[in-house]
**Q** 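Take a look at this one; I'll ask things after.
The figures here come from the full heavy-atom set of this structure, side chains too, leaving out hydrogens, waters and symmetry mates. Order of the sequence lines sets the chain letters (A, B, ...), proteins ahead of strands, with each chain counted from 1.
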Amino acid sequence: MGERILARDFFDRPAPEVAPGLLGRVLRHGPVAVRLTEVEAYGPPGADPASHTYRGRTPRNAVMFGPPGHLYVYFTYGMHYCANLVCLPEGEGSGVLLRAGEVIEGAEIARTRRHRPADAAALTRPGRPLPERDLARGPARLAVALGIRREHDGADCCAGPEREFQILEGEPVDPALVQAGPRTGVSSAADTPWRFWVAGDPTVSPYRRHVPRTRPG
DNA sequence: ACTCTGATGCGCT
DNA sequence: GCGCATCAGAGTG
């Protein structure tokens, strides 16, 4: 039942319609599965200044203009990957950013991915293990937990159980529990309430307003 | 709990 | 060159 793959038609609608319906759905990549608790919609060219597709098609955002139900993976801040699910028919350029979720399968693998051995001092420090709820709390953390990398840009999530990624039906969230508000960290269209999350869920990321950086000097 | 900052690659103007 | 759809760690209350 909840293990069925979402039909591609599900994504063949505007992102702000798709986004709230994605809450409670499950994205699986091999042994790790994440139940989505927070998402953001991004509109097609011209309509949404915060969207990567606002100024039209480029090599980077090309997948967003492809068929729905595929992963658009981008690299940002010189160190993070984030993932969207493409919406609307081919040629439109719209999607839903996957902002946070609950790891429901493969938590140990996810924890290994999220742990960084780079800081040698941290290994000798007592520190507690990373809390379960933080494994995929935030778009870049979610990407790490699921092992999403640059090469997965364009991966089809609706094609079948033999494919690397699947978006599963899961248990859609009661609409009464869905909350909506402004998107996180965007520098424009901050008044557009296209962020959707599950009320009271601890895996939802803390809201951060965009703050412009001033460089030294 | 909160606020501030540095790290870091690259797409776009 | 500027500005990111960010995060972790340090500092403070």
**Q** Does A:Ala140 reach a base, just sugar-phosphate, or nothing at all? Heavy atoms under 4.0 Å.
**A**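 Sugar-phosphate, no base atom in range.
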**Q** OP1 or OP2 of C:dA5 versus the side-chain N and O atoms of A:His210: is any pair under 4.0 Å?
**A**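 No, outside the criterion.
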**Q** Could you give the CG-to-P distance, from A:Asp134 to C:dT6, as a whole number of Å?
**A**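 Checked: the CG to P distance equals 17 Å.
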**Q** Would you please confirm or rule out a distance under 4.0 Å between OP1 or OP2 of C:dT6 and any side-chain N or O of A:Arg99?
**A**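 Yes.
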**Q** Just to verify, what does A:Arg35 make a side chain to side chain donor-acceptor pair (under 3.5 Å) with, not counting sequence neighbours?
**A**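 A:Arg35 satisfies side chain to side chain donor-acceptor pair (under 3.5 Å) with A:Glu102, A:Asp201 once adjacent residues are dropped.
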**Q** Less than 4.5 Å apart, side chain to side chain, heavy atoms only: is that true for A:Leu98 and A:Asn84?
**A**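 Counting from C-beta outward, A:Leu98 and A:Asn84 never come under 4.5 Å.
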**Q** Below 3.5 Å is the cut-off: list the nitrogen or oxygen pairs between protein and nucleotides 10-13 of chain B, distance only.
**A**
{"unit_1": "B:dC12", "atom_1": "OP1", "unit_2": "A:Thr58", "atom_2": "OG1", "d": "2.6"}
{"unit_1": "B:dT13", "atom_1": "OP1", "unit_2": "A:Arg55", "atom_2": "NE", "d": "3.2"}

**Q** Mind checking the CD1-OG1 spacing from A:Ile104 to A:Thr203? Nearest 0.5 Å is all I need.
**A**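 Rounded to the nearest 0.5 Å, the CD1-OG1 separation comes to 11.0 Å.
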**Q** Classify the angle between the aromatic ring planes of A:Tyr81 and A:Phe75 as parallel (below 30°), tilted (30 to 60°) or perpendicular (above 60°).
**A**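 Ring orientation of A:Tyr81 relative to A:Phe75: tilted.
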**Q** For A:Arg137 and C:dA8, what is the distance between atoms CZ and C1' respectively, to the nearest whole Å?
**A**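 Distance check: A:Arg137 CZ to C:dA8 C1' gives 14 Å.
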**Q** Rounded to the nearest Å, what distance is computed from the OH atom of residue A:Tyr207 to the C1' atom of nucleotide C:dT6?
**A**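 Atom-to-atom, A:Tyr207 to C:dT6, this comes out as 15 Å.
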**Q** Consider the side chain of A:Ser51, meaning its heavy atoms from C-beta on, and name the nucleotide among C:dC4, C:dC7, C:dA5 that approaches it most closely.
**A**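 Between C:dC4, C:dC7, C:dA5, the one nearest the side chain of A:Ser51 would be C:dA5.
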**Q** Which is it for A:Val198 and A:Val178 under the side chain to side chain contact (heavy atoms under 4.5 Å, CB included) test, yes or no, and what are the steps along the way?
**A** CA-CA 5 Å; A:Val198 181; A:Val178 175; 6.0 Å; no
**Q** Which nucleotide in the list B:dT8, C:dC7, C:dA5 gets nearest to the side chain of A:Pro139?
**A**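 For A:Pro139, the side-chain atoms sit closest to C:dC7.
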**Q** When the distance from CG of A:Leu142 to P of C:dT6 is rounded to whole Å, what number comes out?
**A**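 Roughly 13 Å, once rounded to whole Å.
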**Q** Just how far, in rounded Å, is C1' of B:dG6 from CE of A:Met79?
**A**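 It is 8 Å, rounded to the nearest whole Å.
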**Q** Nearest to the A:Leu97 side chain among B:dA7, C:dA8, C:dA5, which nucleotide is it?
**A**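 The listed nucleotide nearest to A:Leu97's side chain is C:dA5.
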**Q** Validate the cation-pi geometry between A:Arg209 and A:Tyr207: distance from NZ or CZ to the six-membered ring centre under 6.0 Å, angle to the ring axis within 45°.
**A**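 Ring-cation test returns no.
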**Q** Please report the interatomic distance CG(A:Asn61) to NE2(A:His52), rounded to the nearest 0.5 Å.
**A**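 If we round to the nearest 0.5 Å, A:Asn61:CG and A:His52:NE2 are 8.5 Å apart.
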**Q** Without hydrogens or angle criteria, can the side chains of A:Trp197 and A:Gln179 be said to hold a donor-acceptor pair below 3.5 Å?
**A**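 Their side chains do contain a donor-acceptor pair, which is all the 3.5 Å distance test asks for.
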**Q** Once you round it to whole Å, what is the distance between C1' of C:dT6 and CZ of A:Arg141?
**A**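 These atoms are roughly 9 Å apart.
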**Q** Pairs counted as Watson-Crick or G-U wobble with both distances under 3.5 Å: what dot-bracket string results for DNA chain C, using | for bases tied to another strand?
**A** ||||.|||||||.
**Q** In whole angstrom, what separates A:Tyr81's OH from C:dT6's P?
**A**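 The answer, rounded to whole Å, is 16 Å.
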**Q** When you measure only distances, ignoring hydrogens and angles, does the side chain of A:Tyr74 come within 3.5 Å of the base of C:dA5 through a donor and an acceptor?
**A**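 Yes, a donor-acceptor pair under 3.5 Å.
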**Q** Please report the distance, rounded to the nearest Å, between NE2 in A:His115 and P in C:dA8.
**A**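 Checked: the NE2 to P distance equals 12 Å.
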**Q** Could you tell me the separation between the NE2 atom of A:His70 and the CE atom of A:Met64, rounded to the nearest 0.5 Å?
**A**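 Between atom NE2 of A:His70 and atom CE of A:Met64 there are 14.0 Å.
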**Q** Distance from A:Phe11 atom CZ to A:Glu17 atom CD, nearest 0.5 Å?
**A**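 It comes to 13.5 Å.
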**Q** Whether A:Arg208 contacts B:dT3 is assessed here as follows: a side-chain N or O lying under 4.0 Å from the phosphate OP1 or OP2. Is that the case?
**A**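 Answer no for this pair, as no side-chain N or O of A:Arg208 is under 4.0 Å from OP1 or OP2.
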